[in-house]
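Beneath this line is the structure, given in structure tokens, with notes to follow.
What's counted below: heavy atoms across the whole structure, side chains too, no hydrogens, waters or symmetry copies. Given the structure is predicted, the values throughout are model-derived calculations rather than measurements. We count ligands from 1, going down the list as the structure has it; atoms in each ligand are counted the same way.
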Amino acid sequence: MLSGIGISPGIVLAKAKVKKEHNIEIIRESIKDINAEIDRFHEAIECSKKQIKEVRDKTLAEIGEKEARIFDAHELILEDVTFTDQVINKIKDCLINSESAIKEVSNNFIAIFNNMDDAYMKEKASDIKDVSERVIYNLLGIEQCDFNSMTEEVIVVSKDLTPSDTASFNKDKVLGFITEFGGKTSHTAILARTLEIPAVTGINDLLQKIEDDDFLIIDGNSGQVIVNPDNEVIKEYEKKKSEYEKQLLVYKKYKDKKTISKDGINVELVANIGMPSDIKGVLNNGAEGIGLFRTEFLFMDRDRLPTEEEQFQAYKEVVQKMGDKPVVIRTIDIGGDKEVPYLCLPAEMNPFLGYRAIRMCLDRQDMFRTQLRALLRASNYGNLKIMFPMISNIDEIQEAKKILEEIRVDLRNNGILFNENIEIGMMIEIPSAAIMSDIFAKEVDFFSIGSNDLIQYTVAVDRGNDKIASLYDEFNPAVLRLINTIIENAHNEGIWVGMCGEAASNTELIPILLAMGLDEFSMNASSLLQARYLISQLSVNDIKQELPQILQMQKGKQIQKYISKITNIRK
Ligand code: PEP
Ligand code: MG
């Protein structure tokens with residue numbers, strides 16, 4: 001049995017599909033037979049075209065036309081004689097192997113396109129990189145792992161997965177995944193919960209322990225992984241799986257109920273989403289709205305910036321599908337662990353402390369203004385609220401509001417309709433904003449506490465680093481005091497306050513948040529019903545009386561123990 005961190009609940013049994021790591025070093029070899037080498041190159045091109053066509057057709061059938069177009073662009077590169085002729089000439093002139101010829105020619109093109117001050121050309125550079133890697137892999141006979149075109153049910157095993165790998169999973173075939181790296185609040189983990197697939201992370205030397213076609217059991221609740229179990233263990237886990245599914249049926253009964261505590265305190269229970277297609281799961285799980293739409297996912301897993309119209313359609317679709325329910329849409333939070341390759345941003349030493357979210361938006365106002373226009377236009381179709389992420393000082397929120405106001409004026413002048421009374425909020429996810437929340441509360445209509453980042457910045461623990469995961473503690477008294485301060489400051493100014501980080505769905509923390517007076521809890525759709533069930537069992541006023549004592553405690557563990565004693569919550 002292997003033990004890791006359960007990052008997405010549920011139990012699944014299936015065969016392993018291992019994503020192999022390739023650290024390929026291309027060696028510049030001299031060749032003697034030019035014609036044979038050119039034939040080799042042509043064969044690899046044909047094979048790559050066939051693969052690209054297959055992925056394209058599958059993407060078109062299962063995801064959409066827009067996504068399928070990425071692969072059209074890849075095919076065009078292979079058909080472009082400027083590219084292929086240069087490779088052939090290099091083979092002939094320098095008498096070198098195809099792999100190095102491709103590498104040298106593609107590096108040249110990549111550098112040229114990257115140096116152009118045009119987003120479209122920069123996108124071309126990343127297409128060329130993708131395609132030339134594919135051809136080189138084919139020349140070297142290396143199998144490529146394509147998450148979108150899996151044909152049988154598997155559990156993906158990988159050293160690491162990027163959020164866009166996870167977003168590209170064929171949901172019918174990838175039943176779960178296991179990785180070596182990544183914490184509970186990494187974006188890959190968040191996506192796994194959105195996709196509702198069990199996942200475990202933090203298993204060392206994973207690729208030495210599991211091979212393709214090993215039979216696996218993942219328990220995403222306990223973080224355990226069993227490799228090639230015997231029949232008895234399989235039976236035991238099949239039983240566990242059915243018990244877990246029975247518990248889910250109890251929660252399901254709360255789907256159309258209000259979120260109300262045993263002593264009648266009403267709170268709002270809403271969902272986090274990353275894509276308009278997540279709405280189905282949100283409505284199936286009885287959400288009262290959307291508390292966080294992470295719009296950066298609209299910018300990922302594609303090869304160019306979405307246009308104003310594309311964004312407008314996506315936001316409109318979400319607000320319309322949610323009817324009159326509130327939908328909080330956050331402006332892009334690119335950076336940190338959310339990479340957008342076609343923006344070609346330079347690597348940073350500390351990406352979570354770097355060029356990210358509102359910092360990038362205030363710098364690259366073209367992108368920001370396009371998004372704000374699309375958001376305001378969509379506000380005419382439902383109950384849309386705009387939220388700004390990663391605000392660390394007052395200038396940032398004032399500047400963001402100023403730009404928004406300029407766009408409002410422009411829309412008005414052009415007779416374009418939008419909601420004049422739209423609510424504007426900000427995330428409180430940086431300690432400086434939490435400490436100054438009394439001041440910030442005068443600037444906005446609502447706060448949403450981003451506990452994922454607030455915890456990592458308060459205790460200085462990278463949220464994705466599993467080696468120090470035990471220090472990343474939502475019960476750390478410093479974190480709880482900050483959250484309490486934010487809620488008090490918001491209420492003193494008469495604004496509402498929610499939480500959209502993963503802590504909002506932590507069943508041990510929910511009682512404390514209720515006692516502090518949190519108004520809105522926003523979480524992955526898969527956690528909603530369990531939270532509603534739990535809240536219905538709690539007497540908020542009883543816990544409130546314990547709050548001063550809880551906030552005086554010195555250790556997170558002590559707080560956890562105390563809260564489970566007074567609420568009878570099982571760990
Ligand atoms: C957070 O930090 O809690 C949050 C919700 O934002 P993200 O996870 O997207 O950084
Ligand atoms: Mg955040």
- Message: Which residue is it: His491, Glu423, Glu520, Glu268? I am looking for the one with a side chain to side chain donor-acceptor pair (under 3.5 Å) to Trp496.
- Response: Glu423

- Okay, side chain of Glu348, backbone of Tyr355: is any donor-acceptor separation there less than 3.5 Å? yes

- Identify, with sequence neighbours excluded, every residue that meets salt bridge (charged side-chain N to carboxylate O under 4.0 Å, His left out) alongside Arg294. none

- Main-chain N/O of Arg330 paired with Thr295 side-chain donor or acceptor, under 3.5 Å: yes

- Can you list every side-chain hydrogen bond (donor to acceptor under 3.5 Å, both in side chains) pair that touches residues 387-398, not counting sequence neighbours? Ser392-Glu396, Gln398-Glu443

- Lys401/Glu405 salt bridge by N-O under 4.0 Å criterion: no

- Item | Residues in contact with ligand 1, criterion: heavy atom under 4.0 Å | His187, Leu292, Arg294, Arg330, Asp333, Lys338, Arg356, Met427, Glu429, Gly450, Ser451, Asn452, Asp453, Arg463, Cys500, Gly501

- What distance do Arg463 atom CZ and Tyr457 atom OH have between them, rounded to the nearest 0.5 Å? 7.5 Å

- Message: Any salt bridge linking Lys258 with Glu288? Criterion: basic side-chain nitrogen under 4.0 Å from a carboxylate oxygen.
- Response: no

- Note on the structure: Protein-side N, O or S atoms sitting under 2.8 Å from the Mg ion (ligand 2) are Glu429 OE1, Asp453 OD2

- Is the NZ or CZ atom of Arg377 positioned over Phe312's six-membered ring, under 6.0 angstrom from the centre and within 45° of the axis? yes

